[in-house]
Each structure stands twice: as structure tokens, then as C-alpha cells.
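Just so it is clear, the model here is predicted, and its values are computed rather than measured. FYI, side chains are in, hydrogens and waters are out, and symmetry mates aren't considered; it's all heavy atoms of this structure. In what follows, residues are counted from 1 in the order of the sequence shown.
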Amino acid sequence: MSVAQLSLNELSRRVGLAKSNVLRYFEPREAVLLELLDVALGKWLQELDRELAAAVDATAPPTGRCDQLSATIATSLAARPVLCDLVSAQAAVLERNVSPKAAAEYKRAAIASVGVLVGLVRVHLPELAEEDGMRFAAYAVMVTGSAWTHSQPFAAMLAAYEADPELAALRLDFTSFVREALEVLLSGLLARAAR
């Protein structure tokens with residue numbers, strides 16, 4: 001079920017608790033979903049560590065490692081639709097209806113997760129400065145959220161693509177788009193640092 005379809009009533013029903021009990025421990029559904037985003041992000045980063053270790057050839061030149069990193073991250077994200085859906089809703093939906101306390105807790109956790117991502121990337125691409133690693137992580141999150149939203153068309157758009165194949169050229173493939181965007185981003189950060 002997508003974030004947009006998940007109401008607090010549905011969430012309460014699925015976890016087997018009364019809505020009042022859910023609200024006792026959490027704020028509105030957005031706070032619950034931010035918590036889920038944090039958990040999903042943590043699990044992904046643990047798995048990404050192993051995936052990168054298996055996919056990135058330490059003897060490859062920096063450009064080759066950039067491409068391997070980008071492909072692995074894109075494929076890994078594509079395999080986690082719930083994470084991508086939560087990331088795509090984070091700024092526009094999930095952060096809107098929470099208390100300052102819940103927002104601060106989430107942002108602290110997000111900063112820690114970004115630090116983990118930067119560390120994972122820099123293990124395999126030590127040529128990337130810490131500051132540029134932070135830029136990469138921030139852009140990667142934004143690219144993921146935007147690409148996910150655009151790669152998940154609603155029924156009307158799918159029907160339009162089917163009715164007019166020329167329109168289908170505008171359909172975005174999430175994995176390819178994220179991989180290419182991350183390749184360009186990493187390559188550009190390394191090239192700029194070399195200047």
C-alpha cells in the first residue's frame with residue numbers, strides 16, 4: 001500500500017491496535033511513517049554495505065568505481081519500493097503534520113543515516129572528499145524521491161501511454177534514471193575536486 005493510501009485507521013487496523021492506542025505512542029500517521037522511514041533506511045544501509053562490498057572492484061579506476069557504486073545503489077533502492085515510496089513522501093507529506101519534537105528526532109536520525117551512507121560510499125571511493133560525500137548523499141535522496149514519484153504513474157497516465165506509444169517515451173525507468181543521475185553526480189564531484 002502506498003503512503004498516499006495509508007490512513008491512520010488503516011494503519012491501526014493492520015497492526016491490530018485501536019486508533020487511540022496508536023495515537024498514544026505516536027503522533028499522527030506522518031510521525032508513524034517517519035519512524036518507518038528511519039527503520040527502513042537503517043535496514044537498507046546495512047544491506048547496502050554488503051551489496052557494495054560484493055559489487056565494487058577496489059582495483060578499478062575511480063570512474064569505474066563511480067559506475068559500480070551508482071548501479072549498486074540504484075538497483076538496491078529499486079528492490080525496496082516501500083523505502084522509495086517513503087522517501088518520495090518525506091518532505092512533501094510526512095514532515096508536514098508532526099510536532100517540532102518529532103521533526104527534530106527524525107532529522108537527527110536522518111543526519112546519522114546520511115553519515116552512514118557517506119561512509120559507505122567513501123570506503124569504495126576514497127577520492128571523494130567528506131564534504132562532497134555529504135553532497136552526494138543529499139542529492140541521492142532527492143533524486144530517489146523525485147524519480148520514484150515520476151516512475152510510478154497512476155492508472156490514467158498508464159492508459160495514456162498505452163493509447164499513444166509516443167507518450168510512453170516520457171515514462172521514467174526508476175533504476176536507469178537513478179543509476180545515470182548518480183553516475184553523473186559522482187563523476188562531476190570527482191572532476192570538480194580534481195580542478
**OP:** Begin with the C-alpha distance, continue with both residues' side-chain angles, and end with the deciding distance and a verdict on side chain to side chain contact (heavy atoms under 4.5 Å, CB included) for Phe136 and Val121.
**Re:** CA-CA 9 Å; Phe136 171 77; Val121 170; 3.7 Å; yes

Original post:
Does Phe177 share a hydrophobic cluster with Leu158, counting links as ILVMFWY side-chain heavy atoms below 4.5 Å and allowing steps through other members?
Top reply: no

Original post:
For Leu172 and Ala147, which heavy atoms make the closest approach, and how far apart are they?
Top reply: CD2-O, 3.5 Å

Original post:
When rounded to the nearest 0.5 angstrom, what distance separates CG in Leu190 from CZ in Arg65?
Top reply: 8.5 Å

Original post:
How long is the span from the CG atom in Leu120 to the CZ atom in Arg50, to the nearest 0.5 Å?
Top reply: 11.0 Å

Subject >> ILVMFWY network linking Leu189 to Met142, side-chain heavy atoms under 4.5 angstrom >> reply: yes

Original post:
Ile73 and Leu41: same hydrophobic cluster, using ILVMFWY side-chain contacts below 4.5 Å?
Top reply: yes

Original post:
Between atom CG of Leu52 and atom CG of Leu125, what is the distance when rounded to the nearest 0.5 Å?
Top reply: 11.0 Å

Original post:
Heavy atoms, side chains only, cut-off 4.5 Å: are Leu186 and Leu128 in contact?
Top reply: yes

Subject >> Nearest heavy-atom neighbours spanning Gln68 and Asp57 >> reply: OE1-N, 2.8 Å

Original post:
Rounded to the nearest 0.5 Å, what separation is found between the SG atom of Cys66 and the CG atom of Leu185?
Top reply: 9.0 Å

Original post:
Any idea which heavy atoms bring Arg171 and Pro153 closest together, and the distance?
Top reply: NE-CG, 3.8 Å

**OP:** Search all heavy atoms of Cys84 against all heavy atoms of Leu77 and return the closest pair with its distance.
**Re:** SG-O, 3.2 Å

Original post:
Does Ser88 reach the main-chain N or O of Gly145 with its side chain, forming a donor-acceptor pair under 3.5 Å?
Top reply: no

Subject >> Rounded distance (nearest 0.5 Å) linking atom CZ of Arg108 with atom CG of Asp38 >> reply: 12.5 Å

Subject >> OH/Tyr161: more than 12 non-hydrogen atoms of other groups inside 6.0 Å >> reply: yes

Original post:
If you group Ile, Leu, Val, Met, Phe, Trp and Tyr by side-chain heavy-atom gaps below 4.5 Å, do Tyr106 and Leu36 land in one group?
Top reply: yes

Original post:
Are side-chain heavy atoms of Val178 and Thr75 found at a separation under 4.5 Å?
Top reply: no

**OP:** Decide salt bridge (charged side-chain N to carboxylate O under 4.0 Å, His left out) for Arg179 and Asp67; before the verdict, give the C-alpha distance in whole Å, the side-chain angles of both, and the deciding distance to 0.1 Å.
**Re:** CA-CA 8 Å; Arg179 179 185 46 78; Asp67 292 352; over 6 Å; no

**OP:** Would you mind reporting whether Arg192 and Asp132 have side-chain heavy atoms less than 4.5 Å apart?
**Re:** yes

Subject >> Distance, nearest 0.5 Å, that separates NE2 of His150 from CZ of Phe174 >> reply: 12.0 Å

Original post:
Just wondering, do Glu95 and Lys107 contact through their side chains at under 4.5 Å, heavy atoms?
Top reply: yes

Original post:
With a 4.0 Å cut-off, would you call Lys43 and Glu47 a salt bridge?
Top reply: no

Original post:
Taking C-beta and beyond as the side chain, do Trp148 and Pro81 meet within less than 4.5 Å on heavy atoms?
Top reply: yes

Subject >> Derivation of the side chain to side chain contact (heavy atoms under 4.5 Å, CB included) call for Ser151 and Asp173 >> reply: CA-CA 6 Å; Ser151 68; Asp173 177 72; over 6 Å; no

**OP:** Flag the pair Glu51 and Arg80 as a salt bridge only when some basic side-chain nitrogen lies within less than 4.0 angstrom of an acidic carboxylate oxygen.
**Re:** yes

**OP:** Give the cluster check for Val118 versus Leu69: same hydrophobic cluster or not, with ILVMFWY residues linked at side-chain heavy-atom distances below 4.5 Å.
**Re:** no

Subject >> Shortest non-hydrogen contact between Glu183 and Ser70, atoms and distance >> reply: N-OG, 3.1 Å

Subject >> Side chain proximity check, Leu37 to Leu83, heavy atoms < 4.5 angstrom >> reply: yes

